[in-house]
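All remarks here apply to the structure that follows.
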Amino acid sequence: MELHLRSRGSGENGTLLFLHGFPFDGSVWDPQMAALPDGWQGLAPDLRGFGRSPLGAAELPSGRRLGAGVALADEAVLTMDALADDAAQLLEDHAAGPAVVCGLSMGGYVAFALRRRRPALVRGLILMDTQPGPDGDEARENRRRTAASARESGPAPVAMAMLPSLLSRGTRERSPEVAETVRRMMEATAPRTLIAALAGMAARADSTGDLPAIDVPTLIIVGAHDTITPPDQARAMADGIPGARLEVVADAAHLPGLEAPAVVNGLIADFLATL
């Protein structure tokens, strides 16, 4: 799968792979790509089906066979394993060695899958506003309703419903341009991709049992006002990963990289300097 890729930096010190969340694209990492520490290569792909990357649905399993309960039998399911395999291929093609993998929300699910499937490619982890556990019944039902909305009315109602929980009140009031950027990204995502990714997230593996075996340096970042993956979940995840460092970003919700870019860029730079 040929992904649309943003690449920056030389890579003498290593590669930082940025994996975006749902339903965004690689441009969500623009503030971090613009502030890469010297000597680091940044790779920010549009994941399969998002942004300018094709979905390539022909090889993806149907929702009925996967049992996701979100996609219909004739709709593709975009699994976290498929996205992890795409990321592995990208690293093999564009990185000189194992990478620090930074995953936001759904990108965190992909990062867990990548480390499980191809651990030799992962030098370190930055897990941002994500969680290791699977969906519960309520979360799966919410994904089913969101998929139905996308199927019937397209991406605009999905964006409208999600936006208030993605950004803190302070961000929405001080920086309306950030909210507009996020809205445009979400509304540009094809309904087919929304449905496929919702099904894949609903059916993702439970990574909680993997946490004690994570033996690479790990930084966990979470917005103080994140209600989707709250700070308490981030603390539990940090407690489960040996030596993990937790940072809570004030006045940010689910997208601290856009809401408080200077803070997040500093945290990433400090973490990379320890490797």
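All values below come from the heavy atoms of this structure, side chains included, with hydrogens, waters and symmetry mates left out. Predicted model, so just to flag it, every value in this text is computed and none were measured.
Counting all heavy atoms, side chain and backbone alike, Leu211 lies closest to Pro242 at O-CD, 3.5 Å. Contact record, Gly154 with Pro191: CA-CG, 4.0 Å, taken as the closest heavy-atom pair. Heavy atoms only, all atoms of each residue included: Ala244 and Ala238 are closest at CB-O, 3.7 Å. Contact between Phe18 and Leu36 at its shortest, heavy atoms only, is CE1-CD2, 4.2 Å. Across all their heavy atoms, Pro98 and Ala120 have their closest contact at CB-O, 3.4 Å. When every heavy atom of Ala260 is checked against every heavy atom of Val249, the shortest pair comes out as CB-CG1, 3.7 Å.
Put simply, CE on Met106 and CG on Leu19 are 8.5 Å apart, with the number rounded to the nearest 0.5 Å. If you take CG on Asp215 and CZ on Arg115, they are separated by 5.0 Å, rounding to the nearest 0.5 Å. Distance check: Met201 CE to Phe22 CZ gives 4.5 Å after rounding to the nearest 0.5 Å. Distance check, rounded to the nearest 0.5 Å: CG of Leu272 to CG of Leu267 gives 11.0 Å. Taking CD of Gln41 as the start and NE2 of His94 as the end, the distance is 9.0 Å to the nearest 0.5 Å. We find the CZ-OG1 distance between Phe271 and Thr218 to be 6.0 Å, quoted to the nearest 0.5 Å.
Although no hydrogens or angles enter the test, the distance criterion places no donor-acceptor pair under 3.5 Å between the side chain of Arg183 and the main chain of Ala159. Although no hydrogens or angles enter the test, the distance criterion places a donor-acceptor pair under 3.5 Å between the side chain of Glu75 and the main chain of Leu72. Between the side chain of Thr189 and the backbone N or O of Pro23 there is at least one donor-acceptor pair closer than 3.5 Å. Put simply, the side chain of Thr181 gets close to the backbone of Glu177: a donor and an acceptor are under 3.5 Å apart. A side-chain donor-acceptor contact under 3.5 Å links Ser168 to the backbone of Thr171. Proximity of a side-chain donor or acceptor of Thr79 to a complementary backbone N or O of Ala82 within less than 3.5 Å is detected.
Open room surrounds CD on Glu2; 12 or fewer heavy atoms of other groups in view lie less than 6.0 Å from it. The neighbour count for Arg169 CZ, taken as heavy atoms of other residues, nucleotides or ligands under 6.0 Å away, does not exceed 12.
Put simply, Ile195 and Met80 are part of two different groups of oily side chains (I, L, V, M, F, W, Y) that touch within less than 4.5 Å, one to the next. No single ILVMFWY cluster, assembled from side-chain heavy atoms under 4.5 Å apart, contains both Met160 and Phe24.
When each of Arg204, Arg144, Arg140 is checked for a salt bridge (Lys or Arg N to Asp or Glu O under 4.0 Å) with Asp135, only Arg204 meets the rule. Checking each of Tyr109, Trp29, Phe50 against His20 for a ring pair (Phe, Tyr, Trp, His ring centres under 6.0 Å) leaves exactly one that passes, namely Phe50.
Counting only heavy atoms from C-beta outward, the side chains of Arg48 and Pro54 never approach each other to under 4.5 Å. Proximity of Thr15 to Val100: side-chain heavy atoms (C-beta onward) are nowhere separated by under 4.5 Å. Annotation: side chain of Pro217 is in contact with side chain of Leu275 (closest heavy-atom distance under 4.5 Å). Between Asp30 and Leu258, every side-chain heavy-atom pair lies at or beyond the 4.5 Å cut-off. At least one side-chain heavy atom of Leu17 sits under 4.5 Å from a side-chain heavy atom of Leu90. In this structure, the side chains of Ser53 and His4 come closer than 4.5 Å at one or more pairs of heavy atoms. Residues Leu91 and Leu114 are in side-chain contact: their nearest non-hydrogen atoms beyond the backbone lie under 4.5 Å apart. Put simply, the side chain of Val248 reaches to within 4.5 Å of the side chain of Arg235, judged on heavy atoms.
Between Arg6 and Asp46, at least one side-chain nitrogen of the basic residue sits less than 4.0 Å from a carboxylate oxygen of the acidic one, meeting the salt-bridge criterion.
Remark: Phe112 engages no residue in a ring pair (Phe, Tyr, Trp, His ring centres under 6.0 Å) (not counting sequence neighbours). Qualifying ring pair (Phe, Tyr, Trp, His ring centres under 6.0 Å) partners for His254, counting only residues two or more places apart in sequence or in other chains: none.
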Name every donor-acceptor pair, under 3.5 Å, that has one atom in a side chain of residues 122-131 and the other anywhere in the protein, sequence neighbours excluded.
from	atom 1	to	atom 2	distance (Å)
Arg123	NH1	Asn13	O	2.8
Asp129	OD2	Gly223	N	3.0
Thr130	OG1	Ser105	O	2.8

>> Before you tell me yes or no, could you show the steps for Glu247 and Arg245 under salt bridge (Lys or Arg N to Asp or Glu O under 4.0 Å), namely the whole-Å CA-CA distance, both residues' side-chain angles and the distance that decides it to 0.1 Å?
In response: CA-CA 7 Å; Glu247 295 288 347; Arg245 169 184 165 192; 3.0 Å; yes
>> Leu166 vs Met186, test: side chain to side chain contact (heavy atoms under 4.5 Å, CB included). Steps then yes/no.
In response: CA-CA 11 Å; Leu166 295 173; Met186 292 192 288; 3.7 Å; yes
> Hey, mind stepping through Leu163 and Val182 against side chain to side chain contact (heavy atoms under 4.5 Å, CB included) and telling me if it holds?
Replying inline: CA-CA 8 Å; Leu163 193 58; Val182 172; 3.8 Å; yes
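Contacts classified as side-chain hydrogen bond (donor to acceptor under 3.5 Å, both in side chains) and involving residues 263-275 (residues at least two apart or in different chains) are given here: Gln32-Asn265. Sorted by first and then second residue, the salt bridge (charged side-chain N to carboxylate O under 4.0 Å, His left out) pairs with a member in residues 248-268 read Arg174-Asp251; sequence neighbours excluded. Applying the salt bridge (charged side-chain N to carboxylate O under 4.0 Å, His left out) test to every pair with at least one member in residues 90-101, sequence neighbours left out, gives these pairs: Glu92-Arg118.
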